[in-house]
Amino acid sequence: MAKAKYDENFKKSLVALYRRGKTKHSICQEFSVPNSTFGKWVKKFNNDDNIESNEILNILQAQELKKQRVLLEEELSILTEAIAVFENHSSND
């Protein structure tokens, strides 16, 4: 499996979230980042204060939109299957 590539601002934003009190576990789980990888980012960027609140907010919003897209794609797939079942059932009557 290929290693995921993460943008430096993304890394810094997650470290900033950690510095503001969010747990490592919740960050890793929510953003699908391996714990060991995140630990390296914390060591590298923990003293970096250049990340702005707007950047953090943008990262969080983008992540939420990705989650919503996945859910909508799943719903679309289920509805498509349901339509096919009903069309099959109607044509058999």
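Along the sequence shown, residues are numbered consecutively beginning with 1.
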Subject >> Steps toward ring-ring contact (aromatic ring centres under 6.0 Å, His included) verdict (Trp41, Tyr18) >> reply: CA-CA 11 Å; Trp41 298 350; Tyr18 172 69; over 10 Å; no
Original post:
Looking at residues at least two apart in the chain, or sitting in another chain, which of them share a side chain to side chain donor-acceptor pair (under 3.5 Å) with Glu30?
Top reply: Lys22
Original post:
Taking side chain as C-beta onward, heavy atoms only, is Ile27 less than 4.5 Å from Lys24?
Top reply: no
Using residues 32-39 as the side-chain source, report each donor-acceptor pair under 3.5 Å to any protein atom, sequence neighbours left out, with the distance given to one decimal.
none

Original post:
Atom CZ of Phe31 and atom CD of Gln63: how far apart are they, to the nearest 0.5 Å?
Top reply: 5.0 Å
**OP:** Using salt bridge (Lys or Arg N to Asp or Glu O under 4.0 Å) as the criterion, list what pairs up with Lys66, not counting sequence neighbours.
**Re:** none
**OP:** For Leu17 and Leu60, run side-chain contact (heavy atoms from CB on, under 4.5 Å): C-alpha distance rounded to whole Å, both residues' side-chain angles, the deciding distance at 0.1 Å, then the answer.
**Re:** CA-CA 10 Å; Leu17 287 173; Leu60 293 173; 3.7 Å; yes
Original post:
Is it the case that Thr23 and Ser26 place a side-chain donor and acceptor less than 3.5 Å from each other?
Top reply: yes
**OP:** Calculate, to the nearest 0.5 Å, the distance between atoms CD and CG belonging to Gln68 and Leu71 respectively.
**Re:** 8.0 Å
**OP:** Can you sort out the partners of Glu73 under side chain to side chain donor-acceptor pair (under 3.5 Å), two or more places apart, ordered by chain and number?
**Re:** Arg69
Original post:
Lys67: what forms a side chain to side chain donor-acceptor pair (under 3.5 Å) with it, not counting sequence neighbours?
Top reply: none
Subject >> Phe45 six-ring centre to Lys11 NZ/CZ under 6.0 Å and within 45° of normal >> reply: no
**OP:** Please name all residues satisfying side-chain contact (heavy atoms from CB on, under 4.5 Å) with Glu87, sequence neighbours left out, ordered by chain then number.
**Re:** Ile83
